[in-house]
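Encoded as structure tokens, the structure appears first; notes follow it.
Protein chains get the first letters and strands the later ones, always in sequence-line order, with residue 1 at the start of each.
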Amino acid sequence: MPELPEIVCRAREMNEELAGRRIRAVAVKQPKCLNVPVAEFARGLSGARVRGVTNRGKWLFVDTSSGHLLLNLGMGGEILLVPSDDLPEVWRVRLDLDRKQSLSVNFWWFGYAHYIAAGRLDEHSMPAALGPNVLDVSLAEFRRLLRGRRGAVKPFLLDQSNLAGIGNAYIHDILFRARLHPLEPLTSLSPKAVRRLHGAIAKELRRSIAKGGAFYEVDLHGHPGGFRETDLLVGYREGKPCPACGTPVVKIKTGSTASFLCPRCQPLSG
DNA sequence: ATAAGTGTTGCGCA
DNA sequence: CTGCGCAACACTTA
């Protein structure tokens, strides 16, 4: 469930709290989420100093003096900065820092914690496959990305190799704001519709970032975000009236994901 | 009490 | 290129 807004907020907090600090030791409870053996992971990060934390799409990049730690929370999880002697009950990966604090990383279903040696970032396949950060894409670049592409609008937006950052929670309201059906073919999007879509993406994601991300995710200190259920327009509001026209919101299957939409405001033009 | 739904990603296959 | 189904593990809701 963490998507771009939550990850942007987490990157900001981590950058503020962790930059300049020393990683004294590393512990791993779920080796499956690593890209390298535990020993190599621990050897790479132990003793390193954190330089800064950024994000690309839903991936967090922790840059240190001896390589990179890439985190992806998958379908939800928490990154908590806690006293080393008061750890949460469950965690998958733990970084013990200076000042008797630890960074506890947990995810509910799956997630990734990858270590990449300094200077080897380009060789790593996962971030290399990411498209540009969705909030950095200008309208002109957005048009260029869409040019010649086939398929429907929703799968295109969810594909992280096209644009990095949009997930299945925010996409409902993005498409509603753009007045587009999730299954609208890309080839039938008018220039106006493309402009609306580009604007809707920025508006929706920035709105949540400004509120600290979604209420169901927490910050480094365990406090939930301020983007609440009542901030949703049609997403997860099956049967409730569309905020624009009052028509009941419907939930439909779109491939392997569900979509919420207003059948009147978001007709399929084909 | 059992089962389904839910988010993300990468993979293999048509 | 595109679309599909699948697998990974935990927790909530019908």
Of the listed C:dC9, B:dT9, B:dT8, the closest approach to the A:Arg92 side chain comes from C:dC9
Please report the distance separating the P of B:dG5 from the corresponding atom of C:dG5, rounded so that it comes out in whole Å. 14 Å
Review point. What about A:Leu232 and A:Phe260, same hydrophobic cluster or not, with Ile/Leu/Val/Met/Phe/Trp/Tyr joined at side-chain heavy-atom distances under 4.5 Å?
Key: yes
Result for side-chain contact (heavy atoms from CB on, under 4.5 Å) between A:Lys154 and one of A:His172, A:His181, A:Glu184 points to A:His172
Between the CG atom in A:Leu45 and the CD1 atom in A:Ile23, the distance rounded to the nearest 0.5 Å is 5.0 Å
The correct list of stems in which DNA chain B takes part (3 or more consecutive Watson-Crick or G-U pairs, distances under 3.5 Å) is B:2-6 with C:10-14, B:8-14 with C:2-8
note: A:Lys58, atom NZ; B:dG10, atom C1'; distance rounded to Å ~ 13 Å
For the residue pair A:Asn106 and A:Leu80, establish whether any side-chain heavy-atom pair is separated by less than 4.5 Å.
no
Which of B:dG5, B:dT8, B:dT9 is nearest the side chain of A:Lys251? It is B:dG5
Of C:dG3, B:dG7, B:dT9, the nucleotide closest to the side chain of A:Tyr236 is B:dG7
Open item on the list: Mind checking if A:Gly111 touches a base, just sugar-phosphate, or nothing, with heavy atoms under 4.0 Å?
Closed with: nothing
When rounded to whole Å, the CG to C1' distance for the pair A:Leu60 and B:dT8 reads 14 Å
Rounded to whole Å, CZ of A:Phe156 lies from P of C:dG3 at a distance of 11 Å
Here the distance between atom P of B:dT8 and atom NZ of A:Lys32, to the nearest Å, is 20 Å
If you measure from the P atom in B:dG7 to the same atom in C:dA14, how many Å do you get, rounded? 14 Å
Atom CG of A:Leu73 and atom P of B:dT9 are separated, to the nearest Å, by 10 Å
What interatomic distance, in whole Å, is found between P of B:dA4 and the corresponding atom of C:dC6? 14 Å
From CG of A:Asp159 across to P of C:dG3 the rounded distance in Å is 10 Å
- Task: Ignoring backbone atoms, test whether A:Asn72 places a side-chain nitrogen or oxygen under 4.0 Å from the OP1 or OP2 oxygen of B:dT9.
- Result: yes
*Please lay out, stage by stage, how A:Ile201 and A:Phe142 fare under the test side-chain contact (heavy atoms from CB on, under 4.5 Å).*
CA-CA 11 Å; A:Ile201 291 168; A:Phe142 190 55; 4.0 Å; yes
Answer yes when A:Glu13 and A:Arg10 have at least one side-chain N-carboxylate O distance shorter than 4.0 Å, and no when they do not. yes
d(A:Lys58 NZ, A:Leu130 CG) to nearest 0.5 Å is 10.0 Å
**Request:** Check whether any side-chain nitrogen or oxygen of A:Gln160 sits under 4.0 Å from OP1 or OP2 of B:dT9, and answer yes or no.
**Result:** yes
note: A:Arg150, atom CZ; C:dC1, atom P; distance rounded to Å ~ 13 Å
Quick note, A:Met75 side chain, CB onward, closest among C:dC9, B:dT9, B:dG7 is B:dG7
message = Regarding A:Asp98 and A:Arg21, does a basic nitrogen lie under 4.0 Å from an acidic carboxylate oxygen?
response = yes
Closest to the 5' end of DNA chain C, once A:Arg149 and A:Ser256 are matched to their nearest nucleotides, is A:Arg149
A:Tyr170 OH to B:dG7 C1', in whole Å, measures 13 Å
Side-chain contact check for A:Lys253: nearest option of C:dC9, B:dT9, B:dT6 is B:dT6
